[in-house]
Protein chains: 2
Amino acid sequence: MAIKTRQTCPRVSREAGRRVVYEKQAEILKALAHPVRVAILDFLKDGEQCVCDIAKFAESERSNVSRHLSILVSCGVLESRKEGLKVIYSLKARCIMDFFECITGCLKQQANENAKLLRAI
Amino acid sequence: MAIKTRQTCPRVSREAGRRVVYEKQAEILKALAHPVRVAILDFLKDGEQCVCDIAKFAESERSNVSRHLSILVSCGVLESRKEGLKVIYSLKARCIMDFFECITGCLKQQANENAKLLRAI
DNA sequence: TAACTATGTGATTATATACTCATATAGCAA
DNA sequence: TTGCTATATGAGTATATAATCACATAGTTA
């Protein structure tokens, strides 16, 4: 049976905890929030790939892509393994991809609203 | 019956379109990627709120919160209405909240891995 | 061993973002 | 009208982020 830590002031601790969670969540979001990194995730949703192919797909310099990849790894969304000279990256947090459907929904809604506005003018 | 637009070079157009979509998706992610904005979304998931209460909850200056709110509105995640002196903000893209569950899952997994590592040392 | 390839990283520069303070605007109340 | 409150915004500063280039490293092949 687990022993609960005694809290001298539960409310303050909970509040502080809330802040930390927001910061961590924002960190992950920030890690995803770049066109090249979104492209990488989209490319990897169908299977693992090496840096050179990812760079081709993302139409960006390898050194730059390498940095973007390390950002995604350190936030826990991707993982990698070595295979000879190559480093193969793959999706670790697959649920991330569901989110893109949601975001695409937002974008479609926005586009619809703009279309309506356009017709009304 | 809808008339399809003729494309002189389908591949290039599709590729260009892909890029635009990645940029738009990244834009929405960037709009979400800040601790104060995450706090705002968490606060609004249970119902609409005015700026002053949001500022209290997010523990941040009103002028600052106002700016964060306008970022969330312009990316289509929030909407607002006036009520006397107050401006009331509410969640527009509710699906965004599902994503936070996914992110929380990632964080838990990371925490578990760290705990395992710690025990192994 | 040397030469080659794939990847990662340090340093620099350019750009974007966030916060603060002062001020502006809108609506309410006296 | 004046004074008050809630919200928004401009300007300045500080900080964070991204891209590029040069170079370093690791593994392969001859």
Check your understanding: From C/dA26, D/dT28, D/dA8, pick the nucleotide closest to the side chain of B/Ser66?
Key -> D/dA8
Practice item. Measure from the side chain of B/Leu85, starting at C-beta and using heavy atoms only, and say which of D/dA8, D/dA6, D/dG27 lies closest. Key: D/dA6
Review point. When all nucleic acid strands are considered with a 4.0 Å heavy-atom cut-off, which category describes A/Ser63: base, sugar-phosphate, or nothing?
Key: base
Study note, to complete from the structure: From CZ of B/Arg67 across to P of D/dG12 the rounded distance in Å is 13 Å
Exercise for review: Take A/Cys102 and B/Ile96 through the side-chain contact (heavy atoms from CB on, under 4.5 Å) test and state the conclusion after the steps.
Suggested key: CA-CA 7 Å; A/Cys102 159; B/Ile96 295 284; 4.3 Å; yes
Point to revise | Donor-acceptor pair, side chain of A/Arg62 and main chain of A/Lys56, under 3.5 angstrom | key: no
Practice item. Would you mind telling me which of D/dG27, D/dA18, C/dT7 lies closest to the side-chain atoms of A/Ile71? Key: D/dA18
Check your understanding: About how many Å separate CZ of A/Arg37 and CG of A/Leu78, when rounded to the nearest 0.5 Å?
Key -> 10.5 Å
**Study point:** Nearest-nucleotide comparison on DNA chain D, the residue closer to the 5′ end among A/Ser60 and A/Lys30
**Key:** A/Lys30
Point to revise | Contact under 4.0 Å: B/His34 side-chain N or O vs C/dC19 OP1/OP2 | key: yes
Exercise for review: Figure out the NZ/P separation between A/Lys82 and C/dG8, and round it to whole Å.
Suggested key: 8 Å
Point to revise | Worked check of side-chain contact (heavy atoms from CB on, under 4.5 Å) between B/Val87 and B/Leu69 | key: CA-CA 11 Å; B/Val87 177; B/Leu69 286 165; over 6 Å; no
Point to revise | Nearest-nucleotide 5' precedence on DNA chain D, B/Ser80 against A/Asn64 | key: B/Ser80
Review point. Atom CZ of A/Arg81 and atom P of D/dG27: how far apart are they, to the nearest Å?
Key: 15 Å
Review point. Looking at B/His68, does any N or O in its side chain come under 4.0 Å of the phosphate oxygens OP1/OP2 on C/dC19?
Key: yes
